[in-house]
Number of protein chains: 2
Amino acid sequence: MNDALETNSVERPRLSDVAALAGVSTATVSRALSNPDMVKGNTRERILQAIARLGYVPDGAARALASGRARMVGAIVPTLDNAIFARAVQGLQSTLSNAGYQLLISAHEYSLASETEAARALLERAVDALVLVGAEHAHETWDMVRASRIPVLITWTNTAAASEILTTTAPLIGFDNRLIGRLAAEHLLSLGHRTFGMISGVTRHNDRARHRVDGFRTALAEAGVRLPEANLIEQPFGFDGGRAGLKHLMQLRPRPTAVFCGNDVLALGALFEAQSMKIDVPHALSIVGCDNLPISSQITPGLSTVLLPTYELGQRAASTLLEWLATGQAPDNACLPIELVVRGTSGPAPN
Amino acid sequence: MNDALETNSVERPRLSDVAALAGVSTATVSRALSNPDMVKGNTRERILQAIARLGYVPDGAARALASGRARMVGAIVPTLDNAIFARAVQGLQSTLSNAGYQLLISAHEYSLASETEAARALLERAVDALVLVGAEHAHETWDMVRASRIPVLITWTNTAAASEILTTTAPLIGFDNRLIGRLAAEHLLSLGHRTFGMISGVTRHNDRARHRVDGFRTALAEAGVRLPEANLIEQPFGFDGGRAGLKHLMQLRPRPTAVFCGNDVLALGALFEAQSMKIDVPHALSIVGCDNLPISSQITPGLSTVLLPTYELGQRAASTLLEWLATGQAPDNACLPIELVVRGTSGPAPN
DNA sequence: CTGAAAGCGCTTACAG
DNA sequence: CTGAAAGCGCTTACAG
């Protein structure tokens, strides 16, 4: 019965159409929508009916311009093609949308320059806040972000960028990436390993990767074990990187009996390569990853890993940002708990 | 040297600030930005300098309101937690952002109701276009989408929703999901299998899943093979679903010698369960999945699968939408090519 | 090639 | 509790 209204009108209905139909002013309709208890129940009723009748959907651009809030949050991640970031984004998105915020997403594929472009693009959409991964960003990115005066949250790390010429900082919600490396080292040391390898993601412009290397190396050093340069290889994240890394490590002499990988994708690649090479994991080689991807608990032979609660990270980042937006109070830094999950590592084979 | 300007101004610079500094009208600045060759090179120069000097970033809300284009596209996917959707979103995002469009993303977790909510939320942000997965959506979703009068693209399927009480349709860019099932069936039949099982995702409200079942069953029937009800089990997407599905199938008598899974996540779960059950894959059991996730080419024993070019799908959807927005011409439907990738399937064990 | 001015569709003090 | 009106920061015919 409202077909005529819905189907025949050439124009999308406006707030004023609703107001006219309900016999009130546009101001009242606006209030009924954003501040329902400012209008009398009776009036509200009529307005809601008019809205339903017309199929009215507010225009976010106008609303954002008038109110100064777009109810959108931007996020820039390295890639969605790694489950670990996809999960975090999922956590971010679901928490935001429950609070009426939408997520504008962009990926920079590990390029600082495209991150800058992405930041510009998101800021141009008038996002209310921005989520970044890691503390290391191009000067231009920091400049723009600062100039925009919107809340910015750094995730995935609990450590401000080291090479700070910049005074710029932002609240951090993340993990202690050094501890990740330390947990791996201590675990492998406790099993009796003495010869190690590490396959890291590319550390340039990636503070998380660097800190993981750092923590691993430091913990080994504390135990009196040195990690030679050759025993640390950087590879692009991906199965192939893990495979190439392992291939390299396995031709070293003495051959490492334990390998720590910067994340689970590398670790899985290493595992697959070990299988191809007929290396007996875990008896001839123990592998520890990081992330605890769903697949990591399924795969055989077992893959030990450091569990990162990334979905929770996404949720936490979202709720932190929402509170920041609501109160105007910048939040404290937070460091989410991580834990080592042991599956199928063993001591070095006696020889 | 522009520190004073950048750091001390309390307000974010406006178009009018740029105009004042460059000594032109706001109209000219606006043109310099969106239609550079409408302004003299000389003038443009000065404007660009003023912009750089002030660190001006346009306000997207105002721009969207005035121009009627937000330069944003909304996408609603079932979940980002499956690599296959994450990849498609990545393809979508990168193509869009190259064209100056940003992606507003939402996930509905296989709930039609939350899809409706997501659609409303995105439409309220005044997106210029919308991308949906599958042709089956709540009545309310279709209504809103139609009322919004923006381009809407259906992806992942090449078939309009069957139970169309609705006259609503939208251009389709996707795969022939029936063919996926058919390819799996024909492959397994050609190996000599006669007893089959299928682990499908939940088919309710999921046309893609339904069509895959359909195609599998139809192709078997054409070869004179019936798929008994008990040999088809629906499971939620996830490793656990695959595991549970396989457990069920393996206790049937006669026991299936070949299993087709609705996607690779289910197939991997089935594979893991087979390993747990010490079933020799592929000799005692052949498994075929769908998607060709990166992991699927790495895993042992081999997993045959139907390769879906989902990254390309994302790109294609983006470019189609961009052209639609540019020309106003609704695009034709498109069906992307798929192909069977054979890895480690075998004929049934002789008995 | 450039400017003055209207207008995009909302929100929000300010009155009442 | 409600309305009249100004204003958010752009774009875009319309003139010149």
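Since the model is a prediction, treat every value here as computed from it, not as a measurement. A note on names: the letters A, B, ... follow the listed sequences, proteins ahead of strands, and every chain is numbered from 1.
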OG (S319(A)) and CG (N98(A)) are apart, to the nearest 0.5 Å, by 11.5 Å
Extract the stems that DNA chain D is part of, considering only consecutive pairing runs of at least three Watson-Crick or G-U wobble pairs, both distances under 3.5 Å.
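DNA chain D forms these stems: C:1-3 with D:14-16, C:5-12 with D:5-12, C:14-16 with D:1-3.
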By side chain to side chain contact (heavy atoms under 4.5 Å, CB included), which residues pair with A66(A), not counting sequence neighbours?
none
By side chain to side chain contact (heavy atoms under 4.5 Å, CB included), Q315(A) pairs with (sequence neighbours left out) T95(A), Y311(A), E312(A)
Nucleotide range of DNA chain C lying under 4.0 Å from chain B heavy atoms:
dC1(C) to dG9(C)
What's the gap between dG9(C) and dA13(C) when it is taken at their P atoms, as a whole Å value?
23 Å
Suppose you measure atom C1' in dT12(D) against the same atom in dG16(D); what distance do you get, rounded to whole Å?
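Taking atom C1' in both dT12(D) and dG16(D), they lie 16 Å apart.
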Can you give the donor-acceptor pairs under 3.5 Å from side chains of residues 125-132 of chain A to other protein atoms, not counting sequence neighbours?
residue : atom : partner : partner atom : Å
R125(A) : NE   : R71(B)  : O            : 3.4
R125(A) : NH1  : A121(A) : O            : 3.1
R125(A) : NH2  : R71(B)  : O            : 3.1
R125(A) : NH2  : G100(B) : O            : 2.6
D128(A) : OD1  : A70(A)  : N            : 2.9
D128(A) : OD2  : A70(A)  : N            : 3.3
D128(A) : OD2  : R71(A)  : N            : 2.6
D128(A) : OD2  : M72(A)  : N            : 3.3

Could you pull out all residues at least two apart from Y110(A) that satisfy ring pair (Phe, Tyr, Trp, His ring centres under 6.0 Å)?
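If we apply the ring pair (Phe, Tyr, Trp, His ring centres under 6.0 Å) test to Y110(A), skipping adjacent residues, the hits are F237(A).
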Those residues that, when tested against F85(A), pass ring pair (Phe, Tyr, Trp, His ring centres under 6.0 Å) (two or more places apart):
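Residues passing ring pair (Phe, Tyr, Trp, His ring centres under 6.0 Å) with F85(A): W156(A).
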Taking ring-ring contact (aromatic ring centres under 6.0 Å, His included) as the cut-off, I'd like each qualifying pair that reaches into residues 17-58 of chain B, sequence neighbours left out, listed once.
none
Holding to side chain to side chain donor-acceptor pair (under 3.5 Å), I want the full list of residues that pass it with T116(A), two or more places apart in sequence or in another chain.
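Partners of T116(A) by the side chain to side chain donor-acceptor pair (under 3.5 Å) criterion, ordered by chain and then number, come out as T141(A).
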Residue-level proximity of residues 24-36 of chain B to DNA chain C when a heavy atom falls under 4.0 Å:
V24(B), S25(B), A27(B), T28(B), R31(B)
Specify the residue among G23(B) and A62(B) whose closest nucleotide of DNA chain C lies further upstream toward the 5′ end.
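Upstream on the strand: G23(B).
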Contact nearer the 5' end of DNA chain C, comparing V39(B) with L15(A)
V39(B)
Would you be so kind as to tabulate the donor-acceptor pairs closer than 3.5 Å made by side chains of residues 33-44 of chain B, with sequence neighbours excluded?
residue : atom : partner : partner atom : Å
S34(B)  : OG   : S30(B)  : O            : 2.8
R44(B)  : NH1  : P36(B)  : O            : 2.9

For residues 323-334 of chain B, which side-chain N or O atoms pair as donor and acceptor with protein atoms under 3.5 Å away, sequence neighbours left out?
residue : atom : partner : partner atom : Å
T327(B) : OG1  : E323(B) : O            : 2.9
T327(B) : OG1  : Q329(B) : N            : 3.0
N333(B) : OD1  : L172(B) : N            : 2.9

